[in-house]
Amino acid sequence: MTDPTRERLHALLREMPKAELHIHIEGSLEPELIFKLAARNGVPLTYPSVEALRSAYAFTDLQSFLDIYYAGASVLLTEADFHDMAWAYFERAAADHVVHAELFFDPQTHTERGVPMSHVILGLRSACDRARRELGISASLILCFLRHLSEEAAFATLEQALPWREHFIGVGLDSSERGHPPEKFARVYARCRELGLHVVAHAGEEGPPAYIWNALDVLKVQRIDHGVRCVEDPALVQRLAAERMPLTVCPLSNVKLCVFKTMADHNLPALLDAGLCATVNSDDPAYFGGYMNDNFIATFDALPELGRAQAYALARNSFEASFAPAADKAAWMQALDAAFARLPAT
Ligand code: ADE
Ligand code: ZN
């Protein structure tokens, strides 16, 4: 049975322009592309088929996912591989009416295997340039440090990337959160801020609210990636709301990694009700069951508190929270208003 009200809400979610601010580009690598690149590069895989690999995507927590995710990234060797991966993402993002994307990439996952930094950055950059030319998507890159490695390794990675400084706009912090608090990276973040880079960090995905406080106070981040555990600390929620500190929330990821038991348990409505600048994002879409619109539709279907007003707020927040120029943000917000005026009320 089709429900016309729900159909209209789905159409709105699908067609409204939006920005994606939390996508690990290595997490967009679909099993089919993993097999194609493995064959192209002669890299052996432990799984015999695309189906066998996909069926291994049953995770119990963040670490159980990261083990498979780093294995999948081992097929990436050449500049063309990085280009092809990002281009596949951009084609998918365009279908979801993503007009701006800020892509995380994990250089240490590749340089540790002997892949030159130039292959990683220039391959991704050429896909970003092509996305603007051929799809009208504005795109930029954010270099992430792996937090399970040392701060010294992060400094070395930053040094290696600086010859391509103009190709990335900021730095982030990802990988295993528990046991690797933000303050471990205090000095490298200070250096990144001196260099004029934007700074963000994963915090409060599996880690406690203290990690969010320290991402704010020690790393001085401009956005918190995930941040959903902030609700455990009312003073923290109050601060995040007062500062309009963006949270890049990833609903399908949170359910797949067992941060929430089901989508109906997700706290996105509570975050919005608290006045937070929450956004919806896909994190690692090839592994977690969907891209941007899949995330929007899964959350809105499971959470009856979410409707037209929340759809508008989430899309608007995504532009507000982006690192794009003010004129671009204003143009996207105008396009958002036009989409809402065009699409019938639910
Ligand atoms: N790297 C890729 N996805 C991640 C996530 N959800 N959390 C931390 N590190 C990641
Ligand atoms: Zn992430």
Side-chain angles (χ1 to χ4, degrees), residues 19-30 34 57-74 76 82 85-86 89 93 101-112 120 124 141-149 153-154 157 170-182 184-185 198-208 211-212 214-215 219 221-230 246-260 266 268 278-292 294-295 318 321:
E20 171 139 64
L21 307 177
H22 187 157
I23 157 86
H24 301 264
I25 198 60
E26 293 90 347
S28 74
L29 203 47
E30 293 286 348
I34 290 180
Y57 293 178
F59 312 115
T60 50
D61 60 6
L62 176 57
Q63 193 60 51
S64 67
F65 154 69
L66 290 170
D67 293 341
I68 283 206
Y69 162 82
Y70 293 130
S74 69
L76 297 159
F82 289 91
M85 169 174 66
Y89 164 72
E102 297 178 9
L103 273 50
F104 292 143
F105 67 106
D106 287 342
Q108 286 157 297
T109 301
H110 314 299
T111 53
E112 284 207 324
V120 182
L124 296 176
L141 299 172
I142 296 179
L143 180 159
C144 284
F145 301 120
L146 297 181
R147 68 199 305 157
H148 67 273
L149 301 178
T157 301
V171 297
L173 188 62
D174 65 3
S175 190
S176 323
E177 187 181 4
R178 284 204 194 102
H180 301 286
K184 178 176 164 186
F185 295 91
H198 290 294
V199 288
V200 300
H202 283 53
E205 177 186 19
E206 285 189 342
Y211 283 24
I212 303 178
N214 285 344
L219 303 187
V221 295
Q222 297 163 279
R223 292 198 300 245
I224 296 284
D225 295 313
H226 293 293
V228 290
R229 286 193 60 190
C230 70
L247 302 187
T248 62
V249 178
C250 305
L252 282 172
S253 162
N254 292 153
V255 174
K256 286 281 178 190
L257 301 188
C258 308
V259 174
F260 297 97
H266 202 285
L268 182 63
T279 64
V280 164
N281 306 271
S282 71
D283 206 7
D284 300 283
Y287 292 89
F288 298 150
Y291 289 76
M292 279 295 267
D294 301 311
N295 272 273
S318 75

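The first residue in the sequence is number 1, and the count goes up from there. Quick caveat, the model's predicted, so the values are computed rather than measured. Order of listing sets the numbers, starting from 1, for every ligand and every atom in it.
One N or O on the side chain of Glu177 and one on the backbone of Glu205 form a donor-acceptor pair closer than 3.5 Å.
A centroid separation of less than 6.0 Å is found between the aromatic rings of Phe104 and His202.
A side-chain donor from one of Tyr69 and Asp106 sits under 3.5 Å from a side-chain acceptor of the other. No hydrogens or angles considered: nothing links the side chains of Ser282 and Asn295 as a donor-acceptor pair under 3.5 Å. Side-chain N/O atoms of Glu102 and His198 include no donor and acceptor closer than 3.5 Å.
Test Asn281, Asp174, Thr279, Asp283 against His22 for side chain to side chain donor-acceptor pair (under 3.5 Å) and you get one pass: Asp283.
The distance cut-off of 2.8 Å around the Zn ion (ligand 2) captures these protein N, O or S atoms, sorted by chain and number: His22 NE2, His24 NE2, His202 NE2, Asp283 OD1.
Scanning both residues, Ala154 and Phe145, for their nearest heavy atoms gives O-CE2, 3.3 Å. Of all non-hydrogen atoms in Tyr211 and Ala203, the two that sit nearest each other are O-CB, 3.8 Å. When all heavy atoms are compared, the tightest approach of Ser175 to Tyr70 is OG-OH, 2.9 Å.
A heavy-atom cutoff of 4.0 Å around ligand 1 is satisfied by the protein residues His24, Leu62, Phe65, Leu66, Tyr69, Asp174, Ser175, His202, Glu205, His226, Asp283, Asp284.
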